[in-house]
Amino acid sequence: RILYNAENKPFVRGNTHNISISHSNKLTAVMISKDKRVGIDLEFMSGKISKVADKFINEKESVTDDQELKKYHLYLHWCAKEALYKICDKQDINFRDGITIAPFDPDEHGFMKGHVLNGSGEEDIELEYLQHDNYALVWCVKE
């Protein structure tokens with residue numbers, strides 16, 4: 001059974017597994033592990049993301065100038081930050097400046113690196129991503 005804590009983070013009753021859940025439009029993504037922490041985010045790629053990019057992209061990050069790839073690249077940044085936010089328990093993290101995604105060239109499937117700075121310190125976490133139809137999906141795993 002899946003329950004939610006005070007921060008709205010899902011957990012499996014009895015804490016037997018780590019779980020992360022995301023949903024957008026018509027799809028849901030669930031990631032579960034018995035012994036590793038997990039974070040996942042799924043977003044349907046509407047055209048609205050460019051208007052709010054300055055609220056989550058910081059000065060250390062770069063997004064392609066290629067107009068055909070820009071929306072997808074922005075969604076990958078957003079999903080990566082959401083997945084990292086979830087894997088770090090949503091605690092004491094500034095979403096824009098506390099999570100930085102290293103420069104990468106977006107592809108249909110690939111890897112990127114994220115850097116998280118919060119009250120507990122700093123850490124680098126590798127993320128994996130893919131595009132499925134008009135959705136961006138990003139996930140990460142840590143010990």
Side-chain angles (χ1 to χ4, degrees), residues 1-12 15 17-143:
R1 181 165 177 167
I2 299 170
L3 305 169
Y4 291 84
N5 69 13
E7 287 82 35
N8 208 30
K9 182 176 172 71
F11 66 96
V12 176
N15 289 320
H17 291 77
N18 294 304
I19 190 169
S20 184
I21 302 170
S22 182
H23 58 87
S24 182
N25 200 18
K26 296 179 180 179
L27 294 182
T28 298
V30 178
M31 190 169 188
I32 190 164
S33 174
K34 189 164 182 69
D35 56 351
K36 293 182 173 50
R37 309 272 305 264
V38 293
I40 194 166
D41 193 59
L42 167 76
E43 294 291 336
F44 179 76
M45 294 186 286
S46 69
K48 304 172 188 172
I49 197 158
S50 293
K51 295 176 183 167
V52 296
D54 61 332
K55 300 206 183 321
F56 67 92
I57 298 290
N58 66 49
E59 64 282 345
K60 296 174 192 164
E61 297 171 315
S62 63
V63 177
T64 185
D65 291 327
D66 180 335
Q67 289 306 309
E68 289 186 28
L69 278 177
K70 188 171 188 171
K71 178 173 74 168
Y72 177 49
H73 205 179
L74 285 169
Y75 271 102
L76 289 175
H77 273 264
W78 175 266
C79 289
K81 289 188 176 207
E82 281 285 343
L84 290 168
Y85 187 70
K86 291 174 180 180
I87 208 168
C88 293
D89 292 330
K90 304 179 180 182
Q91 303 225 352
D92 196 24
I93 300 173
N94 179 302
F95 198 78
R96 181 180 183 273
D97 298 317
I99 303 173
T100 299
I101 306 304
F104 70 100
D105 294 320
D107 207 340
E108 257 186 72
H109 173 251
F111 297 87
M112 61 181 120
K113 296 212 181 292
H115 181 82
V116 178
L117 171 64
N118 64 11
S120 303
E122 298 182 52
E123 63 183 313
D124 293 313
I125 300 172
E126 185 175 70
L127 301 110
E128 190 168 355
Y129 69 87
L130 63 83
Q131 181 175 359
H132 174 72
D133 292 332
N134 198 41
Y135 290 85
L137 177 68
V138 179
W139 64 95
C140 53
V141 176
K142 75 176 190 173
E143 298 298 322

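- A donor atom on one side chain and an acceptor atom on the other are not found under 3.5 Å apart for N18 and S33.
- Atom CG of D65 has 12 or fewer heavy atoms from other residues, nucleotides or ligands within 6.0 Å.
- Atoms OG and OH, on S20 and Y85 in that order, are 13.0 Å from each other to the nearest 0.5 Å.
- With values rounded to the nearest 0.5 angstrom, H23 atom NE2 is found 11.5 Å from N25 atom CG.
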* Would H77 and Y72 satisfy ring pair (Phe, Tyr, Trp, His ring centres under 6.0 Å), going step by step from the backbone distance to the final call? -> CA-CA 9 Å; H77 273 264; Y72 177 49; over 10 Å; no

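- In this view, E143 and K36 satisfy the salt bridge (Lys or Arg N to Asp or Glu O under 4.0 Å) rule, not counting sequence neighbours.
- Counting only residues at least two apart or in different chains, salt bridge (charged side-chain N to carboxylate O under 4.0 Å, His left out) contacts with residues 125-136 comprise K113-E126.
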Distance-only criterion, 3.5 Å: show the donor-acceptor pairs between side-chain atoms of residues 42-49 and protein atoms not counting sequence neighbours.
| from | atom 1 | to | atom 2 | distance (Å) |
| --- | --- | --- | --- | --- |
| E43 | OE2 | W78 | NE1 | 3.4 |
| S46 | OG | Y75 | OH | 3.1 |

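- R96 and K81 make their closest contact through O-NZ, 3.1 Å (heavy atoms, listed as atom of the first residue, atom of the second, distance).
- Rounding to the nearest 0.5 Å places CZ of F104 at 8.5 Å from OG of S62.
- Defined by atom type and a distance below 3.5 Å, a donor-acceptor pair is present between the side-chain atoms of E122 and H115.
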* To do: Dump the intermediate steps for side chain to side chain contact (heavy atoms under 4.5 Å, CB included) on L127 and W139, then the final yes or no.
  => CA-CA 6 Å; L127 301 110; W139 64 95; over 6 Å; no

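- For N58 against E61, the heavy-atom pair with the smallest separation is N-OE1, 2.8 Å.
- Counting non-hydrogen atoms of other residues, nucleotides and ligands closer than 6.0 Å to CD of E59 gives a total above 12.
- Distance check: I21 CD1 to K86 NZ gives 8.5 Å after rounding to the nearest 0.5 Å.
- The shortest heavy-atom contact between A136 and C79 is O-SG, 3.7 Å.
- A donor-acceptor pair shorter than 3.5 Å cannot be found between the side chains of D105 and T64.
- Between H109 and Y129, the angle of the ring planes lies from 30° to 60°, which puts this pair in the tilted group.
- For F11 and H17, the gap between ring centers reaches or exceeds 6.0 Å.
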